[in-house]
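Chain naming here is simple, since letters A, B, ... match the order of the sequence lines and numbering starts at 1 in each. Computed from a predicted model, the values in this text were never measured in an experiment.
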Amino acid sequence: DWSMTYTTIGKLAQRISQRSFLGLLERDAAYQLEAPTLWDVDFQTAVAQAELEDRDRPGAMHRVRFGVNGTPTHPGDGQALIETTRPELIPACVALLAHPDDPRHRELVGSEARTPLFGTRVPVLAHPLVEQDKGTGLVMVCTFGDLTDVTWWRELSLPVRSVLGPDGRLVAVPWGSPGWESESVERARASYGELEGRTVNQARKRIVELLSESGELIGEPQPVTRAVKFFEKGERPVEIVTSRQWFIRTIEHREQLLARGRELKWHPPYMRARLEDWVKGLTGDWCVSRQRFFGVPFPLWYPIDEAGKIVYERPLAALESQLPVDPSTDVPDGYEPSQRGQPGGFAGDPDVMDTWATSSLTPQIAGQAGEDAELFAKVFPMDVRPQAHDIIRTWLFSTILRSHLDEGELPWSNAAISGWVLDPDRKKMSKSKGNVVTPMHLLEEYGADAVRYWAANGRPGTDTAFDAQQMKVGRRLAVKLLNASKFALADLPPQGQALTHPLDRALIARLSKVAAEATSSFEDYDYARALERAESFFWWYCDFYLELVKGRRYDPDPDVSASVSLALRVSMSVFQRLFAPFLPFVCEEVWSWWQEGSVHRAPWPDADELAAMASPPSPAAGVLEREQTALELAADVLREVRKAKSQARRPMRAPVTRVLVRDTAARLAVLGLGAGDVRDAGSIERIETEEAEEFSVEVELAAEAAE
RNA sequence: GGGCGCGUAGCUCAGUUGGCUAGAGCACCUCGUUUACACCGAGGGGGUCGCCCGUUCGAGUCGGGCCGCGCCCACCA
C-alpha cells in the first residue's frame, strides 16, 4: 500500500523510535555505561558487534621476554616468554595468564612479572580460557587488545591501563603516578616517549626496534595471517576504547530470544540456526549510541552542576508532547534556552542512535504504534518479515528484541529469508569489486515481467546467480500468455452452462490440481514452486489442449463450441490469476481485455470450485479417472502423430490417412472420448485401434502431392 | 575450530513421505511454418544423479563415512 510509506528520518519514525527508547529507559531496559567499547578509529564512533566482520590480515608474531623474580625453578630461568601480534600494547599490559592445568607455568602463577621496556609489575594468574597450545602457553592481557582481554579484565578484576586514544594514536600517560608505577620510571618514560602520539602501526614498528635493541625480543618476528575484526565499513581494525555509551539489555534475555526464534516460522527452516548462532555468541549488550552526525538523536539532556560538570547519572528525558526532539536545539522541560552549556543548566546528549535501533522498530512504525491504536491492533503482530540472510543478525535479531521488550511477543509470525543476487560468476556483488549489475538496462531489454520472473525463480534462502538466459525465458512466457489469451478469448463463441465435453472436464480437473498446488506452495512461502507448477502446466496446455480443441472452438454449431468456450474462459481466467504475482504487467493487460477491475485485486483461483465444475454429470465410480486418461491419451497420440510428421519432414498440417493406436484394452476404451479432437488437431482421416501391452502409434501420411 | 547449505545433461535448476525407462528451460542439431504465437512450432542428441559403504525386493531420494564448493559463527595471544 503505497499510501503508507515512511522514511526513517521522518517525524513519525523518529517519534516512535524516541518513544520506544524512553520506554526502555523507564523500565531500566536501557542503560548508559562508561566501559570498554568497540571503536572505529577513523569514523571515531562506537560500533556494535553486529557491525563487525573478520578480515584476514598479515601480521607478525613476536616472542617477548618478561622479567620474573625469585622463580629459579621456572623454565627459562628468571624469565617468562609470551607471544603477541600486538607488542605496541605492552605498556597497557595488566597481567600474564596461564591455563590452570599447564605444568610449564605452575611455579609462575601467583608471582609477579615485569613488563619489558616499562618495568611495570603485573600479576601472573591462571584462567581456563587460556589455550595451552598457543604460543608459549603464557599470554599477556592488555587493556584492551581484543574482546578476550575484556573478558579477562572483567572476570579477574584487573586494573585499567589504557594507552589508545579515540583517534587510534597512543595517548600521553603519567609514568610514575598511581596505576603507572614502574621499577624504572626513567626507562618507562623514555621508552614510551618513542611511542606517544604514534598510530598503532607506527608504534608497533618502533617498539619492535626498541625490544630488539634491549634484547627483550626473542628471535625474529614470525609472519602470520590472522583474522582481524573490522567495522564493516572501516579501513582500519576496530580497537577497544573506554567511553560512555548507551546500551539496550540483551544478554539477560538470551534464553527468551532463543525461544522467540523457535516460535517464529522460518522459510526455509534451517535459517533459524543463523539467529541461534548469533544469540549464543553475543558477548555483551547492544551498544546503540553512535558518535555520528546523522541519525535519530537520543531524546535526552543532562543537567550541568554548579561546577560546570555534566551529570550523566541524571538524564533529563523529553516529554511525550515534545517528541520528536533534537536535544541540540530543543530545551528540556523546566529550562530556558539560555541555560544551554551553563553551570546549573543543561547539555543535550550529543549522540545519535544506531540505524538498527530505529530499523528494529519497522513493524511498530508501519503499524504506527502509540499513534493509531486501531491500526496497530489490526496489523501487529504482522504476518511476515521478508529479508535476506545477511541481515539476520542485525535487522531480524534486533526487531525481535525490540518487539520482545516493548510488546512481549514476536513482531511477525513468519520470516521469509531470501538469498542474494550474485554476479554471473556466483560472486557477491559489491561496489568495491565493481561487479554490480544494476537492473535498469535489464528492465529495458527484457521488460519488468521478465526480470521479476527471473527473481521469482530464486528459491527461499538460496543465492541466485545473475542469468540473462532466465530473463529470456520469462519474456517468452509473458509473450506466450499474451498470444494464448488472444487465441482463447478473441471472438469466442457463446459459452455453455456446463462442461459437457469429457476433455474439457479433464482439463479443468487438472487445472484444479495445479491451482491447489500453487496455493499450498504460496502458503508455504515457496513462491518459486508455485510459479514452476503453473508454468509447466501452462506450456502443456498451449501445446496440447489448445491444439486439441481448435476444431470445436471454431465449429459453427454453438452446441459444439459451448463447452470448450466455457473451458477456455475458465482456464484463461485461472492462468492469468496464477501468473499475476510473477508477471504483473502482462497479466493485467490480458485481464483488462475481458474482465472488470485489476487482476491483482481479483480473488485467487479456488481449486475446489474448479474441481466441482470438472466433476462429470454422472458421478459413477471411475468416470473422473477415465476422462483424465482420455485427455492424456489424446495428447500422447497427438504427440506421436507430430513426431511422425516431423521425422518425415512434412508440415504439421500434412494430412494423415490412417493412425493405428496400440494400447491396453482399458486405455483404448476411453480413446473414443477424445478421438474427435485428436482427428481435428492432427488432420487425421481415420483412427484405428489394436490391443497391445504397450502404447504405440503407427501413422500413415498422405502422399506429399495431396498437400 | 563449530554450525548450516549445496554438489543431478555444456549452463541454470526441478525431482515433497524410496517405485525413474532420471526431467524442464537455455545452448546445440534436424525439420517445418506464418488462420494465438518467428519474441514461433515439431522433433532429436546429450547424464555411471560428487565418491565409497550400508539399509531395502527396489536409493537421485534414507543412514554412515569421505571429497569439493559456498555461507554463517568463533577467542586478533
A.B. asks: Whom does B:rG46 pair with, Watson-Crick or G-U wobble, provided both distances fall under 3.5 Å?
C.D. replies: none
A.B. asks: Nearest heavy atom decides the nucleotide; on that basis, is A:K645 or A:S536 closer to the 5' end of RNA chain B?
C.D. replies: A:S536
A.B. asks: Looking for any heavy atom pair under 4.0 Å, which part of the strands does A:R272 touch: base, sugar-phosphate only, or nothing?
C.D. replies: nothing
A.B. asks: Quick one: which of B:rA36, B:rA42, B:rC39 gets closest to the side chain of A:M652?
C.D. replies: B:rA42
A.B. asks: Could you work out, with side chain to side chain donor-acceptor pair (under 3.5 Å) as the rule, every residue matching A:D663, not counting sequence neighbours?
C.D. replies: A:R667
A.B. asks: I want to check one thing: is the phosphate of B:rC37, taken as OP1 and OP2, less than 4.0 Å away from some side-chain N or O of A:R476?
C.D. replies: no
A.B. asks: So, A:Q576 versus A:W594: side-chain donor-acceptor pair below 3.5 Å or not?
C.D. replies: yes
A.B. asks: OP1 or OP2 of B:rA36 sitting under 4.0 Å from any side-chain N/O of A:S485?
C.D. replies: no
A.B. asks: Determine: side-chain N/O of A:K280 to OP1/OP2 of B:rG2, distance under 4.0 Å, yes or no.
C.D. replies: no
A.B. asks: Can you figure out which of B:rA36, B:rG41, B:rC31 approaches the side chain of A:A484 most closely?
C.D. replies: B:rA36
A.B. asks: Looking only at the side chain of A:E532 (C-beta and beyond, no hydrogens), which of the listed nucleotides B:rC26, B:rC75, B:rA14 gets closest?
C.D. replies: B:rA14
A.B. asks: Could I get the full list of side chain to side chain donor-acceptor pair (under 3.5 Å) partners for A:R272, not counting sequence neighbours?
C.D. replies: A:E276
A.B. asks: When we call it a touch if two heavy atoms are under 4.0 Å apart, what does A:Q132 touch: a base, just sugar-phosphate, or nothing?
C.D. replies: nothing
A.B. asks: Does a side chain donor of either A:H389 or A:D463 reach within less than 3.5 Å of an acceptor in the other side chain?
C.D. replies: yes
A.B. asks: Taking CZ from A:R459 and C1' from B:rA14, how many angstroms apart are they, rounded to a whole number?
C.D. replies: 7 Å
A.B. asks: Please determine whether the number of non-hydrogen atoms from other residues, nucleotides or ligands lying under 6.0 Å from atom CG of A:D101 exceeds 12.
C.D. replies: yes
A.B. asks: How many angstroms lie between atom CD of A:E155 and atom OG1 of A:T151, to the nearest 0.5 angstrom?
C.D. replies: 6.0 Å
A.B. asks: Using the ring-ring contact (aromatic ring centres under 6.0 Å, His included) criterion, which residues pair with A:F522? Sequence neighbours excluded.
C.D. replies: A:F582, A:W604
A.B. asks: Could you state the atom-to-atom distance from CE of A:M271 to P of B:rC6 in whole Å?
C.D. replies: 10 Å
A.B. asks: Nucleotides 72-74 of chain B: which of its N/O atoms have a protein N/O under 3.5 Å away?
C.D. replies:
{"residue": "B:rC73", "atom": "OP1", "partner": "A:R393", "partner atom": "NE", "Å": "3.1"}
{"residue": "B:rC73", "atom": "OP1", "partner": "A:R393", "partner atom": "NH1", "Å": "2.7"}
{"residue": "B:rA74", "atom": "OP1", "partner": "A:Q49", "partner atom": "NE2", "Å": "3.2"}

A.B. asks: Name all pairs fulfilling the salt bridge (Lys or Arg N to Asp or Glu O under 4.0 Å) condition that reach into residues 88-99 of chain A, sequence neighbours left out, sorted by first residue then second.
C.D. replies: A:R86-A:E88, A:E88-A:R204
A.B. asks: Whole angstroms only, please: what is the CZ-P distance between A:F144 and B:rC75?
C.D. replies: 16 Å
A.B. asks: OP1, OP2 of B:rG41 versus side-chain N and O of A:K480: anything below 4.0 Å?
C.D. replies: yes
A.B. asks: Pairing check on B:rG54: which nucleotide meets the Watson-Crick or G-U wobble criteria with it, both distances under 3.5 Å?
C.D. replies: B:rC62
A.B. asks: Using only side-chain N and O atoms of A:Y554, determine if any of them is under 4.0 Å from OP1 or OP2 of B:rA36.
C.D. replies: yes
A.B. asks: Do the non-hydrogen side-chain atoms of A:T120 and A:V94 ever get within less than 4.5 Å of each other?
C.D. replies: no
A.B. asks: With heavy atoms under 4.0 Å as the rule, sort A:K472 into base, sugar-phosphate or nothing.
C.D. replies: nothing
A.B. asks: Using Watson-Crick or G-U wobble geometry with both distances below 3.5 Å, tell me the partner of B:rG7, or none.
C.D. replies: B:rC67
A.B. asks: So, are A:E632 and A:R510 salt-bridged, with charged N and O less than 4.0 Å apart?
C.D. replies: no
A.B. asks: Remember a base hit wins even if backbone is also touched, and classify A:V130 as base, sugar-phosphate or nothing at under 4.0 Å, heavy atoms.
C.D. replies: base
A.B. asks: What's the closest nucleotide to the side chain of A:L546 if the choices are B:rA42, B:rC75, B:rA36?
C.D. replies: B:rA36
A.B. asks: Are there any protein N/O atoms within less than 3.5 Å of an N/O atom in nucleotides 43-47 of chain B, and if so, which ones and at what distance?
C.D. replies:
{"residue": "B:rG44", "atom": "OP1", "partner": "A:K643", "partner atom": "NZ", "Å": "3.3"}

A.B. asks: Reckon A:V473 touches a base, only the sugar-phosphate, or nothing at all at heavy-atom distances under 4.0 Å?
C.D. replies: sugar-phosphate
